[in-house]
Amino acid sequence: MKDREVYESWRQEKSQIDVSRNFTDHVMNEVHQWEQSRKSPQLKMERLIELISFHPLAKTGLVATGAVTGIVRLIIMIQAILSNGVVNG
Amino acid sequence: MTEETGIIKAVLEGDTESFRLLVQRYQKPVIRMIANLINDRHICEDVAQEVFLAAYKKLPSFDPARSSFSTWLFTVARNKSINAMKKKRIPSVSNPPENPDFSEPVDSLIRDELFIELDKALKSLSPGHRRALVLAEFENLPYEQIAQIEGVRIGTIKSRINRAKHRLRSVMDDIDGDIQ
């Protein structure tokens, strides 16, 4: 048996796949469930997190806001420590 | 407007059921790609479900000017496969080939042996080389599309496929040598 023939039959075997008959229904059920949860008010926070994670701009904005808040807090703390030091000193 | 663009537009306008058409169209190539990448037939449909759900959720971010829908979907499938492989280290167990030809028992045995070794060689490739080979050889995607999916240059894809094929060829040569 030639290598080329073997390789081709291996390639063909790898190219064959059986898909469950209800695969599409499973996917569509999940899609509908997700659509339902989108509309449900209790899950708004989850939806917000999802929206942020799927939009690069929102993600960047959130990270930038977090970073700015952290820097501001750090400045306030340093200021507080310095002013305490000045008062005590 | 192509038929596919029309379906995507309908989904984005709220016709959720139209998404079924996209799932039916792409389920086979997506599942096949995942199966050949993660080597676990039991979980490949679960991963494929995740792919389609993620595709549905991210559909508003799909830009037809940047890539075709199939390229975009294969990219989602690629990323989900990488995550699945990270989550679960899958043992390298090869499935015996189906419908062996018993009319030629010796040839059949040699072929089985070669299939097992080729499977092992495929699994031993680095993830990048394996993905390139799977997309080119089993999905018959053009190099340009594979490069887009992988986010690398066409030259890199060509080189990965050549190296992967070279590895498979050397495995076949080794077996031939053992037989002779």
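Note that the coordinates shown come from a computational prediction; the quantities given were computed from them, not determined experimentally. Just so it is clear: chains get the letters A, B, ... in the order the sequence lines come, proteins before strands, and each one is counted from 1. Both backbone and side-chain heavy atoms feed into the values below; hydrogens, waters and symmetry mates do not.
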Between B:Phe74 and B:Tyr26, is the ring centroid distance below 6.0 Å? no
Quick one: closest heavy-atom pair of A:Met28 and B:Val23, and the distance? SD-CG2, 4.5 Å
Kindly write out the residues that satisfy side chain to side chain contact (heavy atoms under 4.5 Å, CB included) with B:Asp63, not counting sequence neighbours, or none if the list is empty. B:Ala65, B:Arg66
Starting from A:Val72 and following side-chain heavy-atom contacts under 4.5 Å between hydrophobic residues (I, L, V, M, F, W, Y), which residues can be reached? A:Val68, A:Ile76
Could you tell me which portion of B:Tyr56 (side chain, backbone, both or neither) has an atom closer than 4.5 angstrom to a non-hydrogen atom of chain A? side chain
With only heavy atoms counted, which part of B:Ala48 is less than 4.5 Å from chain A, the side chain, the backbone, both or neither? both
Of the listed residues (A:Arg11, A:Glu30, A:His26), which shares the most heavy-atom pairs with chain B below a 4.5 Å separation? A:Arg11
Given a strict heavy-atom distance threshold of 4.5 Å, which part of A:Glu35 is in contact with chain B: side chain, backbone, both, or neither? side chain
Can you say whether B:Thr16 sits under 4.5 Å from chain A via the side chain, the backbone, both, or neither, judging by heavy atoms? both
Region of A:Trp34 that comes under 4.5 Å of a non-hydrogen atom in chain B: side chain
Please determine, by modelled atom types, if A:Tyr7 and A:Gln12 share a side-chain donor-acceptor pair under 3.5 angstrom. no
Could you check which of B:Met33, B:Gln24, B:Glu17, B:Glu50 has the highest count of heavy-atom pairs closer than 4.5 Å to chain A? B:Glu17
Chain A heavy atoms under 4.5 Å from B:Lys28: which part of the residue, side chain, backbone, both or neither? both
State whether a side-chain donor-acceptor pair under 3.5 Å links B:Thr156 with B:Ser159. no
